[in-house]
Amino acid sequence: MILYDHKKIEEKWQKIWEEKNIFVAKDKPNQEKSYILDMFPYPSGQGLHVGHPEGYTATDIYCRYLRMKGVEVLHPMGWDAFGLPAENYAIKSGRHPRLTTEENINNIRRQIKSLGFSYDWSREINTSSPDYYRWTQWLFLQFYKKGLAYRALAPVNWCPSCQTVLANEQVVDRKCERCKTEVEQRNMKQWFFKITDYADELLCDLDKLDWPESLKEMQRNWIGASQGAVIKFPISNIKFKIQEIEIFTTRLDTIYGATFIVISPELAKKWIEAGWQANEGIIIYVHESLKGRELERVERAVKEKTGVETGIKVINPATGEEIPVWVADYVLGSYGTGAIMAVPAHDERDFAFAKKFNLPIRRVVEPKFVATEGEEAFRPQEETVKRNAVCCVVRNPKDDSYLCVSWKHFIMHGFITGGVEEGEDIVAAAKREIHEETGYKNVRLVSNPEFALHSFFYHRVKKQNRHARFQYLFFELENEEKDPINIQEESLHEVLWIKRNNLKNFLSVIEGKFTENFLANSDYIYTGEGILWNSDEFSGMESAAAIPAIAKKIKAQLTTQYKLHDWLISRQRYWGAPIPIIYCNQCGEVPVPEKDLPVLLPDDVDFKPTGESPLVRSVSFQNVSCPQCAAAARRESDTMDTFVDSSWYFLRYCDPHNTEEIFDKKKIDIWCPVDFYVGGAEHAVMHLLYARFFTKVLRDLGYVNFSEPFLKLRNQGLILGEDGQKMSKSRGNVINPDEIVEKYGADTFRLYEMFMGPLEDAKPWNTTSIIGVRRFLEKVWQLALTPKINHLVDLSADKEQELSYWMSKTTKKVTDDIVTFRFNTAIAALMEFVNYLFKVTLPAINQQKVTDLLLQLVYPFAPHLACELWEQLERPGQIWQQPWPEYNPQALQLNKVNIAVQVNGKLRGQLLLTAGLNEVEVIDWAKKLEPVSKYLIGKNIKRIIYVPDKLINLVIE
RNA sequence: GGGCGAGUGGCGGAACUGGCAUACGCACAGGACUUAAAAUCCUGGGCCCGCAAGGGAUUGAGGGUUCGAUUCCCUCCUCGCCCACCA
């Protein structure tokens, strides 16, 4: 037998595929098409990492399958070639990024090709090539014309190590995403894309996408929409340019509890600049908090709130009351209006601040509970009786126990509660109830937190719907003196003292359970929605209804606020696409005319970062004449964020060599949107959000006719090192795919990566396990070239059925698993099939059929091997020209089935029976089964559960 | 602090809609071939008791629903990822 020489075979077939152009996608309209895309790599000097080919292999298997199903597939590859590492390397080594990038691309292209992926290389693109970035610049100009690209002075994130500004998305934990240096806040005039115009659509359209739910959730959080209101608080005591404070709140229902206003240091600074005569203490505080780097500011403030009173007073438009204004760094300048109304009774941060500075706390929202289960369930159709009530928490200080009652006719455990009579003082009412129900005479009021909750339930004794407002009162028992309890009360419930640590489990009624919050935390405040209190005509309304009603009365604007900010795209770096803008002393900001594109990146540049764009130092680049008035002018020297390049690359693949326009719209219509996109989850809120934004803008500009670029998306999970840690050079646990391909071959490598586990899971690499898939391929080789053939007899009917069962079963499993991207179990099914084939000896005619099937099923996973064997067996044509195998559903039904026999749910035996027997027959067989019968001696069978052709369970007493 | 996800042999993992837990692979042990080793092939156990036949336990822990739970419900523990003073 010829040996399985992976090197020879793989080189041979890769060359054939390339020469025959078999993976070149044809632009035919109205064909059944599929656009399958991998996230294009950054051409790093490290070359490919074993993580990259995981996603590439998955899409390759799927593409090869689709082509055999007759689908025209677009499966391109390219290079996200601009970016900082190449430039940083240039600074260190003095080698130009263009050169190193080109070398890196050549290396990675070689690596990718060595794995035999079926890319259409005729469509290869490179974002750092002028043919490409010309259109990135053109897009910038279209955005500019539409008012979606603008230049503004704004506080921005500055990375002192990378010497450039960063987008919000590139700042993680206040640190530069790339180099982990803490970022600084600077005020700079920079270019932005107005992504916030699309915030709402970017949020809503997520629902339509077949993406991992966690990833969609990350985008939702990033966009961060909050429904709320903007309210104006007029300044009442001083006069300067600012006459009112605008605040944003999501809790307009709490406005009657707003006892002060807090503004951010950023806003305070603006006011000072606008002429506010702030005292020195304020100026120092504002200065200090803005100077302190963001990270420290947050860490300090979370521990303890700081702030100063401004002396300014405003009118609360709801209460008409005059309230003070404070400045504090717990209010962010970058969110909402940079100012809040503080409601200490219903917000933990405001509460902490109010406690520290002794500001008034006013409760205005009370929790609402509706019983929904059991006999107590509130009956919405029936009339409701409203009652004022007390909930009395009586503590015995001697042993830290609490006075409780346990109802005798229901399972109901709680504190002493009772109704308050008309005109009765609540403390008096509470004492009366304690005395009536328990007999204790001497209790002392400890505190009245002026807290109440509303409970809606059906009163089982009184037989009516109740809406009770329980007010809490805390007492201590002074002494044990008590009167006898009246007989009627006694018959209803039992009086108990429950120890503090048992209380939580004991209490069963809602007002009791809720008390736990106060006992556990004396500073407990209620932050949820509920029923309004102390809120004029809105008292008694529910939060949701009160918000629009209050808004109407005080003329507040209901709006949605987003966390998403506009995308800052300027970078003070060299290796990127120059922003096509010219600054003229006469005409100001002038866009470069489209005919002058591309604005070429000059070669004669000193890369050393100075905080200024390196392009500033290129005289040939900087000095231009104004396109409008021809006067001397200068070019914008910043380049664009590289995420701009990758926001539209999937469109260029449809028409990559067009020199007249960005793309031919007809070709976009043929291929787009992308049907299936695979890549890492790290792009959740950057690339994937930006690409969606670009698509929506291009749709509004009329260039594309769809709203979402990537219909279906899956993330490949991380491949960890053999030690279970993330692979990294410093840990020394990096696996180089080249070595694996050299030693075991590309087919083995591909198969191993798919066999490791589910695509989306993180999983550790284990080199010794590779041998398993290599053995499998060798078995396929052996089975195809040197099968055991039975020349003497035909296959018996039984064996014939068994064979077609295996063929159908395997075809079905492999097909289903490819479509659902569960490659690990597809490979396991192929292994089982091969193990079976090794055990049987078949006549030549069957042997040929089964080998053909096996090779076709294996082809998407191990294409080199399958092509080679197909050729060696002298089968007609090429394997990739064959249609994908179909299976026979009838063959999946077997004559004989294995039925599990259980006694009381425990497996006691197996029955091999003809399929489709009725229950009675199966029971008969089961009872006779030796390992089963011994359990039945002297027992009655109570019940029998029969799952046809699968399982029988005999339930005995 | 909030959100999402996960927990199954020594290891990676499998199990449709509640129906034989541990498929497939690695590793391991015994055997065959070999002067020997590697490779290959065959066989085997998987935690506990037993020479064995066999029995019992078992899907992070505890509880519930069910004839039957890795799967559904409740409580808790651990790990991973993301977000985090966002009003």
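Here the structure is a predicted model, which means the values were calculated and not measured. Each chain gets a letter, A, B and so on, in the order the sequences are listed, and its residues count up from 1. FYI, side chains are in, hydrogens and waters are out, and symmetry mates aren't considered; it's all heavy atoms of this structure.
- At whole-Å resolution of the value, CG in A:L830 and P in B:A23 are 18 Å apart.
- Side-chain contact between A:W326 and A:I263 is absent, with no heavy-atom pair separated by less than 4.5 Å.
- Counting only heavy atoms from C-beta on, A:K563 has its side chain closest to B:C83 among B:G19, B:C24, B:C83.
- Computed from coordinates, the A:K305 NZ to B:A87 P distance equals 14 Å when rounded to whole Å.
- Atom pair A:Y744:OH and B:C26:C1' shows a separation of 12 Å (rounding to whole Å applied).
- Judged as a side-chain hydrogen bond (donor to acceptor under 3.5 Å, both in side chains), the pairs with a partner in residues 826-838 of chain A (not counting sequence neighbours) are, in order, A:K779-A:N835.
- B:G45 is unpaired under the criterion used here, namely a Watson-Crick or G-U wobble arrangement in which both key atom distances are under 3.5 Å.
- Residue A:A828 has its side chain nearest to B:A23 when only B:C20, B:A23, B:A87 are considered.
- Annotation for A:L203 and A:A225: closest pair CD2-CB, 3.7 Å, computed over non-hydrogen atoms.
- Between A:R775 and A:E778 there is no salt bridge, since no side-chain nitrogen of the basic residue lies less than 4.0 Å from a carboxylate oxygen of the acidic one.
- The stretch residues 813-829 of chain A participates, sequence neighbours left out, in these salt bridge (Lys or Arg N to Asp or Glu O under 4.0 Å) pairs: A:K812-A:D816, A:K813-A:D817, A:D817-A:R822.
- Regarding contacts with the backbone of B:U40, a side-chain N or O of A:R775 is found under 4.0 angstrom from either OP1 or OP2.
- Looking only at side-chain heavy atoms (C-beta outward), A:I735 and A:M727 come within less than 4.5 Å of each other.
- Applying the side chain to side chain contact (heavy atoms under 4.5 Å, CB included) criterion to A:I923, with sequence neighbours excluded, gives A:E919, A:K927, A:I944, A:I952.
- The gap from the C1' atom of B:A6 to that of B:U59 amounts to 14 Å, rounded to the nearest Å.
- Out of B:C24, B:C26, B:A87, the shortest distance to the side chain of A:I771 is found at B:C26.
- As rounded to the nearest Å, B:U75 and B:C82 have P atoms that lie 27 Å from one another.
- Separating the P atom of B:C47 from that of B:G9 is a span of 12 Å, rounded to the nearest Å.
- Using C1' as the reference atom, B:U40 and B:C51 are 33 Å apart when rounded to the nearest Å.
- Under the 6.0 Å distance and 45° angle rule, A:K305 counts as a cation-pi partner of A:Y330.
- The pairing partner recorded for B:A69 is none, the criterion being a Watson-Crick or G-U wobble arrangement whose two distances lie under 3.5 angstrom.
- As judged by a 4.0 angstrom heavy-atom cut-off over every strand, A:Q910 is placed among the base-contacting residues.
- Atom P of nucleotide B:A27 and atom CD1 of A:I770 are separated by 12 Å, given to the nearest angstrom.
- A:L166 has its side chain out of reach of A:L568: every pair of non-hydrogen atoms, C-beta onward, lies at least 4.5 Å apart.
- The C1' atoms of B:G13 and B:G62 are separated by 27 Å, rounded to the nearest whole Å.
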Protein-to-nucleotide contact annotation, 5' to 3' order, nucleotides 53-60 of chain B [B base; S sugar-phosphate only; - none; under 4.0 Å, heavy atom]:
--SSS---
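- Regarding contacts with the backbone of B:A87, every side-chain N or O of A:Y330 stays at 4.0 angstrom or more from both OP1 and OP2.
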Once each nucleotide of nucleotides 2-16 of chain B is scored for protein heavy atoms under 4.0 Å, what B/S/- sequence comes out, 5' to 3'?
-SS-------BSS-B
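- Backbone-only engagement by A:N835 is indicated by non-hydrogen atom pairs under 4.0 Å involving sugar-phosphate atoms exclusively.
- Nucleotide B:A6 has B:U78 as its partner under the Watson-Crick or G-U criteria, with both atom distances under 3.5 Å.
- Within the nucleic acid shown, A:S226 comes within 4.0 Å of sugar-phosphate atoms alone, with no base atom in reach, counting heavy atoms only.
- Atom CG of A:L912 and atom P of B:C20 are 17 Å apart (whole Å).
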N/O contacts under 3.5 Å, protein versus nucleotides 67-70 of chain B?
residue : atom : partner : partner atom : Å
B:C67   : OP1  : A:R943  : NH1          : 2.8
B:C67   : O2   : A:N953  : ND2          : 2.6

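- The separation between A:K779 atom NZ and B:U40 atom P is 10 Å, rounded to whole Å.
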Test ring-ring contact (aromatic ring centres under 6.0 Å, His included) on A:W222 and A:Y562 and set out the steps.
CA-CA 9 Å; A:W222 190 261; A:Y562 298 94; over 10 Å; no
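- Distance A:I223 CD1 to B:C82 P: 19 Å, rounded to the nearest Å.
- A:H6 and A:Y4 have perpendicular rings, their planes meeting at more than 60° on a 0 to 90° scale where under 30° would count as parallel.
- Base-pair partner of B:G12: B:C24 (Watson-Crick or G-U wobble, both distances under 3.5 Å).
- Partner of A:M341 under the side chain to side chain contact (heavy atoms under 4.5 Å, CB included) criterion, chosen from A:I247, A:D347, A:T259: A:I247.
- A gap of 15 Å separates the P atoms of B:A15 and B:U70, to the nearest Å.
- Base pairing of B:U34 is not made with any nucleotide, judged by Watson-Crick or G-U wobble geometry with both donor-acceptor distances under 3.5 Å.
- Atom CZ of A:F260 is separated from atom C1' of B:A87 by 12 Å (rounded to the nearest Å).
- Between the OG1 atom in A:T249 and the CD1 atom in A:I340 there is a gap of 8.5 Å [rounded to 0.5 Å].
- Atom CG of residue A:N316 and atom CZ of residue A:F233 lie 4.5 Å apart, to the nearest 0.5 angstrom.
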